[in-house]
Amino acid sequence: MTVDKTSIEKPHNFIQQIIEKDLAEGRVAKVVTRFPPEPNGYLHIGHAKAICVNFGLAQAYGGVCNLRFDDTNPEAESEDYVNAIIEDVRWLGFEWDGEIRYASDYFAQLYTWAQYLIGEGKAYICELTPQQTREYRGTLTEAGKNSPFRERPAEESLALLEQMRDGEIAEGKMTLRAKVDMASPNINLRDPVLYRVKRIAHHRVGDGWNIYPSYDFAHGQEDAIEGVSHSICTLEFADHRPLYDWFTANLPVPSTPHQYEFGRLNLSYTVTSKRKLKQLVDEKQVEAWDDPRMPTLSGLRRRGVSAQAVREFCESLAVAKTDGVVDMAQLDHFIRHDLNDNAPRAMCVLHPLKVTVSNWPEGEVETLTASCHPNRDDLGSRELSFTRTLYIDRNDFSEDSSLSRKKFKRLVLGEWVRLRGGYVLKAEEVIRDGSGEISEILASIVPNTVGENPPEGIKPRGVIHWVSAEQSIDCEVRLYDRLFSDANPDSGDKNFLDAINPDSLEVLKGCKAEASLATAQIEQAYQFEREGYFCLDKDSEDGKFIFNRTISLRDNWQSKV
RNA sequence: UGGGGCGUGGCCAAGCGGUUAAGGCAACGGGUUUUGAUCCCGUCAUUCGGAGGUUCGAGUCCUCCCGCCCCAGCCA
């Protein structure tokens, strides 16, 4: 047995403790877990936690983890979702054991087991309408009552089941139900539905079936077929565990898996519910499932978040039974941490303001070399062109020279700043357009200040970024903010759509990026110095650059002044 | 009013009866810095939902109470 070192340095969570005990006492020979998504939507950050838990546990204890699609409800599912999910799991960096599995692979076996249960007198075809079924089920405080079809002879149920399967029964007319206990305080045990009629084709197995198994009748048996040792799911399934166990106990399954539940991930300022995310897409509140504002894995990826950042964030989460709300700031921390370490630096001016360097000859270009990372030489360097006309950010200039040096460490009329990686610059004059707005700044550089301190008496207020006007590329920059302005858009009886942040996307056109960015690749991360982390968006085309802001730099100066 | 689960600082969370209640995020001070970033250093729970009890000793065990989440799909 190989034990992963990194995972045993942290305190062991309750599932690890169970696994270790099972291994030590010989109850389990090999750890087998599974990640079982339903292909009815895209994977989100909450799924990332489940993926990391399941694959991580298998890895840590020398076992394997299956990827299995729980495709028992063709109504909501599609192949597109299957493909998107596969791509996301791969991107996250996990490798499943063997072939991808599908619940639909087991439809024939499940059907046979349904017949077996009927033969044992433990299941029956019920003809109660959906409405009646609800009434017979009772309530939270009152016991249900037995269906009048409960004692129907097995032969009859068997024949009816066949008719259901063959498409001879209309939807809603019949179900196969387990005979458990209509008086159980656990509502899930009040004769749960095993098969329902759905006369529609299945995205994977075509139209061979007119009935489809329910989650309860499928999940545990799928686990048993695959030899899953520890079936890990979220808290809301805890009430289903007795049923899960009931099936493995009453059916001739090849193994007896056990279910363990942990708290799903909730993140502040977003929703982690496939249903709600789908609503955002369907109602065009966002562009698509992979909109960079979405907490989906494809959205995070498109925004420029790395798989490693997502994984490390997930590692930082507890596997326990509490269901809290993790602060979005915690995810942000891991995103910044990864990007700070790995993203090459570049400069991009978001709100360009023209600067003419009056003591720099027209047409003269000096090529400066700048490091791509302050403390990673392996990331190399890039070239910057220094020319007479430059752009700096409008926000980095002020005419107000009464601003204190501490409060405004940027360019002020009559004073100096350091152009990052270049010269020290002095602002001398402001030029306005017809409307009175500043259209240009006339400035001069202090000679011999590239990589050198300026002479005595010249004190740059700070360092600002810039690009050459001639040697830069035009681009569009999309600034993303949180999708919701309420930390808990989902809580209570709030309608999460009411909390949508109207300013979650700001599109900046006519931004100026340094020339080296012309070779940027889609999703490849950069730090635009003093602004944040950005990556090229897939909407970019030849000569048309669109950058997404992954996340801004941490910014505490305002509070300190 | 039934069943299941959970309550440790602003958020997440270790703690498995015996040193002064880990750690991360956030926040706040300070240092370094050609990114107001990073990095570094420091501060941040006399107290563990509440009340009783057991014990030499309790966040950890017992009792009662309070609060929050999930379950009445032919969804998963």
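We name chains A, B, ... by the order of the sequence lines, and we start the count at 1 in each one. Fair warning: this is a prediction, and the values are worked out from it, not measured in the lab.
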Quick one: are A/Leu384 and A/Trp466 in side-chain contact, heavy atoms under 4.5 Å? yes
Both A/Lys321 and A/Asp327 contact RNA chain B. Taking the nearest nucleotide for each, which residue is further toward the 5' end? A/Lys321
Determine which nucleotide pairs with B/U33, using a 3.5 Å limit on both distances of a Watson-Crick or G-U wobble pair. none
What's the closest nucleotide to the A/Gln17 side chain, out of B/G3, B/C16, B/C25? B/C16
First encountered from the 5' end of RNA chain B, between A/Phe334 and A/Ser316: A/Ser316
Residue A/Gln330, side-chain atoms from C-beta onward, closest of B/C12, B/C74, B/A37: B/C12
Could you tell me how far apart A/Leu265 (CG) and B/C11 (C1') are, to the nearest whole angstrom? 13 Å
Check whether any side-chain nitrogen or oxygen of A/His333 sits under 4.0 Å from OP1 or OP2 of B/C25, and answer yes or no. yes
Taking only side-chain nitrogens and oxygens of A/Arg134, does any of them come within less than 4.0 Å of OP1 or OP2 of B/G73? yes
Is the backbone N or O of A/Gly324 less than 3.5 Å from a side-chain atom of A/Thr322, with the two atoms forming a donor-acceptor pair by type? no
Would you say A/Arg190 reaches B/G3's phosphate, i.e. side-chain N/O to OP1/OP2 under 4.0 Å? no
Go through B/U35, B/C74, B/A76 for me and flag the one nearest to the A/Glu236 side chain. B/A76
Audit row: A/Tyr526, A/Phe547, ring-ring contact (aromatic ring centres under 6.0 Å, His included) steps and yes/no: CA-CA 10 Å; A/Tyr526 285 94; A/Phe547 289 98; 7.1 Å; no
For the residue pair A/Phe237 and A/Tyr215, categorise the inter-ring angle as parallel (less than 30°), tilted (30 to 60°) or perpendicular (more than 60°). tilted
Report the distance from atom CG of A/Asp490 to atom P of B/C70, rounded to the nearest whole Å. 10 Å
Report yes if at least one side-chain N or O of A/Thr322 is closer than 4.0 Å to OP1 or OP2 of B/C12; otherwise report no. no
Atom CZ of A/Arg336 to atom P of B/C25: distance rounded to whole Å? 12 Å
With no hydrogens and no angle check, is any side-chain donor or acceptor of A/Asn210 less than 3.5 Å from a backbone partner on A/Met164? no
Give a yes/no verdict on a cation-pi contact between A/Lys276 and A/Phe496, requiring under 6.0 Å between NZ or CZ and the six-membered ring centre and an angle within 45° of the axis. yes
Under 6.0 Å between ring centres, would you say that holds for A/His240 and A/Tyr244? no
According to the Watson-Crick and G-U wobble definitions, with both distances under 3.5 Å, which nucleotide is paired to B/A13? none
May I have the distance from A/Glu315 (atom CD) to B/A14 (atom P), rounded to whole angstrom? 14 Å
Test: A/Glu75 and A/Lys198 ion pair at under 4.0 Å: yes
Considering only B/U35, B/A76, B/C69, which nucleotide approaches the side chain of A/Asp323 most closely? B/C69
Does B/A76 have its OP1 or OP2 closer than 4.0 Å to a side-chain nitrogen or oxygen of A/Thr72? yes
Using Watson-Crick geometry (N1-N3 plus N6-O4 or O6-N4) or G-U wobble (N1-O2, O6-N3), each under 3.5 Å, B/G52 is paired with B/C62
Suppose we call a contact any N or O donor and acceptor under 3.5 Å apart; does that hold for the side chain of A/His12 and the base of B/A14? no
Could you check which nucleotide pairs with B/U43 in any of the strands shown, counting Watson-Crick or G-U wobble with both distances under 3.5 Å? B/A27
Which of the following nucleotides, B/A76, B/G36, B/C74, is nearest to the side chain of A/His240? B/A76
Would you mind reading off the distance between A/Lys198 atom NZ and B/G73 atom P, rounded to a whole angstrom? 14 Å
No-H, no-angle donor-acceptor pair, A/Arg418 side chain to B/U34 base, under 3.5 Å: yes
Nucleotide paired to B/C68 in any strand shown, Watson-Crick or G-U, under 3.5 Å: B/G5
Regarding the side chain of A/Arg554, the nearest nucleotide among B/C75, B/C74, B/A26 is B/A26
Length of the NZ-C1' vector between A/Lys409 and B/U34, whole Å: 11 Å
Which nucleotide in B/A72, B/C74, B/U38 has an atom nearest any side-chain atom of A/Thr139: B/A72
Can you check the distance between B/G30 and B/G36, where both ends of the measurement are the C1' atom (answer in whole Å)? 16 Å
Would you indicate which nucleotide in B/U1, B/A72, B/U35 comes nearest to any side-chain atom of A/Arg345? B/U35
Rounded to whole Å, please give me the gap between OH in A/Tyr102 and C1' in B/A76. 18 Å
Out of B/G3, B/U35, B/C71, which nucleotide sits closest to the side chain of A/Val463? B/U35
I need the CZ-C1' distance between A/Arg461 and B/U34, as an integer number of Å. 17 Å
Does the side chain of A/Arg196 get closer than 4.0 angstrom to OP1 or OP2 of B/A76 through an N or O atom? yes
Determine whether any donor atom in the side chain of A/Glu531 lies under 3.5 Å from an acceptor atom in the base of B/U35, or the reverse, and answer yes or no. no
Would you mind telling me which of B/A72, B/C70, B/A37 lies closest to the side-chain atoms of A/Asp239? B/C70
